[in-house]
Amino acid sequence: MQESLICLYTIARRETTRIFRIWVQTLVPPVITMTLYFIVFGTFIGSQLSGINGFEYMAFIAPGLIMMSIITNSYTNTVSSFFSTKFQKNIEEMLVSPTPNWVIVLGFVSGGVVRGLSVGFLVSMVSLIFIRLPLYSIVITSLFAFLTSFVFALAGMINGIFAKKFDDISIIPTFVITPLTYLGGVFYSISLLPDFWQMISKANPIIYMIDGFRYGFLGIADMSVMTGLGMLIFFAVVLFSINIYLLKKGIGIRT
Amino acid sequence: MNALSIKDLRKRYNSGLEALNGITLDVKEGEFFGLLGPNGAGKTTTIGIITSLVTKTDGKVTVFGIDIDVDFSAAKRMIGVVPQEFNFSIFEKVEDIVCQQAGYYGIGRDQAAASSEKYLRQLGLWEKRRTTARELSGGMKRRLMIARGLVHEPRLLILDEPTAGVDVELRRGMWDFLEKLNRKGRTIILTTHYLEEAERLCSRIAIISDGRIIENASKRELLKKLDKETFVLDVRDSNREIAPLEKVSFLAVDETTLEATITKGQSLNLVFEHLGRHGIEVDSMRSKTNRLEEIFMGMVE
């Protein structure tokens, strides 16, 4: 077990070092993008709108924007790091060693979590320039932030395992994650939607993550927070198991 | 004890290509074993299976008695591999690459740092330890891969074309290093295209062709099979008529170069005497091709 922990520390350290070594590529762009969201949607457009559920529009969208950056960066980090490791063939360094598959998965995912939470923290700091954001429950906020980044890092790893070329690592973020995030209640409360669209929206898992995270800040939620947490734990277990299965089968990494 | 034992190993790729057609071979502990064969013969596939990068279709592989199907992790601890292609992150520093590899084997930072220092010094890379891998020359990159393959002190070191693209001086330095390692008891398996390298280093050689082992013998036994050898003689005047000599054929290449193909059993002294009788003085001589190369070409052609 101690050997496995050393392996895990080695991969996690390598992944984390990479994030901070190329911080101009990994940390700065999402912070700039989110700052623009705060300026355009929060200050310019938000000032024209009435509040939602008793909060200023800027305060309402801030948790959603932070969560959006956590989701995108956790996913992107793992998919790009795993794919480039595969592309450069240095995944072989791990494969020829006795490193267990669960350690490889957790090692890469830890990088995604570190980047997701780092960007989330930086975006939270930026949001304070624009709005005094309340913090209703630090425990709920932290749980949702951690579990969401964990789930999306695991999803990114699956994408990285299947990816054969660089195009393959941007298809899912562009055509699946971004639309689901935008339609996941970042900019609006789903209680404002007609019944039919509320029902459709509830099939989008990201809405539970954003809603639960927002609850941690504002203390208001459209959905059950416990359902959101349960869903995150369920997705974490399923995606982790899929990753282990894929590595065991050697899909995309062994011939 | 066998360091490596392979029984009826087969690999069929999804494309239908039969890369290995039932390979069987044993490598004894402490041996310097050469696995030779033309491109696409199955050498790298064999190494891939031993190191888990390729999934076998059938057959059995044991490393120091450990069946890879039963406990691959334990078997992997015994193996160090130096692949043909550079497969480290070019953006990382030399010492990080080597220490990380130790970490993948569960070796703590202090021990990893000590082992890394030992091999980087031995391979002349210690001064470059804080250099990123992309700044290294081709020869340095090859040596880095050897240091990385050794950092966890494996009992069996597998080298897949370790000196490809390395200049002669550096290659000889690497040969000395590998010979020292082997003398200290480390089992080494080498694939190479340089037959001179195999002849110098390996005590036992297997030749693989079309996914089958077509020869597996000690170097001494293998070289005994060579029944003819061609020597290039630098002479004063090769244009003189030379009477035939039993078991020897002569070919004048130019005015000062003569080739003598000598069948096993014929004495070199008689050849020199024969040439002397015809007024041909020999200044120097060398073997036309590497002896192992002649055997190899005869087998795979």
Side-chain angles (χ1 to χ4, degrees), chain A residues 1-26 80-108 110-111 164 244-255, chain B residues 11-15 17 19 44-45 47-57 71-93 96-112 132-134 145 148-149 151-152 154 158:
Chain A
M1 190 60 190
Q2 197 196 342
E3 285 186 1
S4 296
L5 291 177
I6 292 172
C7 294
L8 179 59
Y9 171 74
T10 305
I11 303 174
R13 185 174 184 271
R14 172 190 152 136
E15 286 300 294
T16 309
T17 305
R18 176 187 157 274
I19 293 165
F20 293 104
R21 189 180 64 220
I22 52 169
W23 60 276
V24 177
Q25 292 171 49
T26 54
S80 59
S81 176
F82 191 79
F83 179 71
S84 61
T85 303
K86 216 169 74 162
F87 187 76
Q88 289 188 85
K89 292 197 168 193
N90 47 296
I91 187 73
E92 291 177 2
E93 293 177 336
M94 288 168 221
L95 298 180
V96 300
S97 76
T99 307
N101 289 332
W102 66 267
V103 169
I104 296 178
V105 174
L106 286 185
F108 277 96
S110 66
K164 289 190 172 123
I244 296 292
Y245 173 80
L246 294 173
L247 287 190
K248 194 177 173 191
K249 285 281 169 193
I251 291 168
I253 49 173
R254 289 191 170 96
T255 50
Chain B
K11 174 63 186 177
R12 185 192 179 93
Y13 285 103
N14 290 338
S15 61
L17 174 74
T44 301
T45 300
I47 290 173
I49 291 171
I50 299 164
T51 55
S52 90
L53 297 176
V54 177
T55 313
K56 66 186 167 67
T57 307
D71 191 353
F72 213 155
S73 291
K76 283 176 177 179
R77 274 177 234 282
M78 314 268 191
I79 303 171
V81 62
V82 180
Q84 204 176 112
E85 291 176 50
F86 300 129
N87 66 347
F88 43 72
S89 169
I90 55 169
F91 303 108
E92 287 174 357
K93 290 177 189 162
D96 288 342
I97 289 169
V98 180
C99 286
Q100 268 165 204
Q101 191 64 24
Y104 300 147
Y105 286 82
I107 297 166
R109 291 292 292 177
D110 291 347
Q111 199 186 332
T132 53
R134 67 180 160 177
M145 297 222 292
R148 189 186 61 177
V151 72
H152 62 287
I158 301 175

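Hydrogens, waters and symmetry mates are skipped; everything else that's a heavy atom, side chains included, is used. Below, chain A is the first sequence line, B the second, and so on; all start at residue 1. Owing to the predicted nature of the structure, the values given are computational and were not obtained by experimental measurement.
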> Hey, which of B:Thr55, B:Leu53, B:Ile90 has the most heavy atom pairs under 4.5 Å with chain A?
Replying inline: B:Leu53
> Measuring heavy-atom distances to chain A, does B:Val54 have an atom under 4.5 Å in its side chain, in its backbone, in both, or in neither?
Replying inline: both
> Nearest 0.5 Å, what's the CD1-OG1 distance between B:Ile49 and A:Thr255?
Replying inline: 8.5 Å
> Which bit of B:Gln101 is near chain A, if near means a heavy-atom gap under 4.5 Å: side chain, backbone, both or neither?
Replying inline: side chain
> With chain B, which of A:Ile91, A:Val96, A:Leu8, A:Leu5 has the greatest number of heavy-atom pairs at distances under 4.5 Å?
Replying inline: A:Val96
>> Can you confirm whether A:Thr17 sits close enough to B:Glu92 that some side-chain heavy atom of one is under 4.5 Å from a side-chain heavy atom of the other?
In response: no
> Between B:Gly108 and A:Ile6, what is the shortest heavy-atom contact and its length?
Replying inline: N-CD1, 3.9 Å
> Picking from A:Ile253, A:Asn90, A:Thr99, which has the most non-hydrogen pairs under 4.5 angstrom with chain B?
Replying inline: A:Asn90
> In terms of heavy-atom proximity below 4.5 Å to chain A, should B:Tyr105 be classed as side chain, backbone, both, or neither?
Replying inline: both
> Does any non-hydrogen side-chain atom of B:Tyr104 lie less than 4.5 Å from one of A:Ile11?
Replying inline: yes
>> For A:Phe87, is the CZ atom crowded, meaning more than 12 foreign heavy atoms sit under 6.0 Å from it?
In response: no
> Which value, rounded to the nearest 0.5 Å, describes the distance between B:Phe88 atom CZ and A:Gln88 atom CD?
Replying inline: 9.5 Å
>> Using a 6.0 Å cut-off, check whether atom OH of A:Tyr245 has over 12 heavy atoms from anything other than its own residue.
In response: no
>> Using only atom types and a distance under 3.5 Å, with no angle test, would you say the side chain of B:Ser89 pairs donor to acceptor with the backbone of A:Thr85?
In response: no
> Say you draw a straight line from CD1 of B:Ile97 to CD of A:Glu93; how long is it, rounded to the nearest 0.5 Å?
Replying inline: 7.0 Å
>> Under the rule for salt bridge (Lys or Arg N to Asp or Glu O under 4.0 Å), what residues qualify as partners of A:Lys89, not counting sequence neighbours?
In response: B:Glu85
>> Taking 4.5 Å as the heavy-atom cut-off, does anything in residues 73-80 of chain B contact chain A, and if so which residues?
In response: B:Ser73, B:Lys76, B:Arg77
>> I need the A:Thr10 OG1 to B:Arg109 CZ distance, nearest 0.5 Å.
In response: 7.0 Å
> What part of A:Arg18 is in contact with chain B, defined as an atom under 4.5 angstrom from a non-hydrogen atom: side chain, backbone, both or neither?
Replying inline: neither
> Counting heavy atoms not belonging to A:Trp102, are there more than 12 under 6.0 Å from its CH2?
Replying inline: yes
>> Can you tell me which portion of B:Phe91 sits under 4.5 Å from chain A's heavy atoms? Options are side chain, backbone, both or neither.
In response: both
> Any chance NZ of B:Lys93 has more than 12 other-residue heavy atoms, nucleotides or ligands included, within less than 6.0 Å?
Replying inline: no
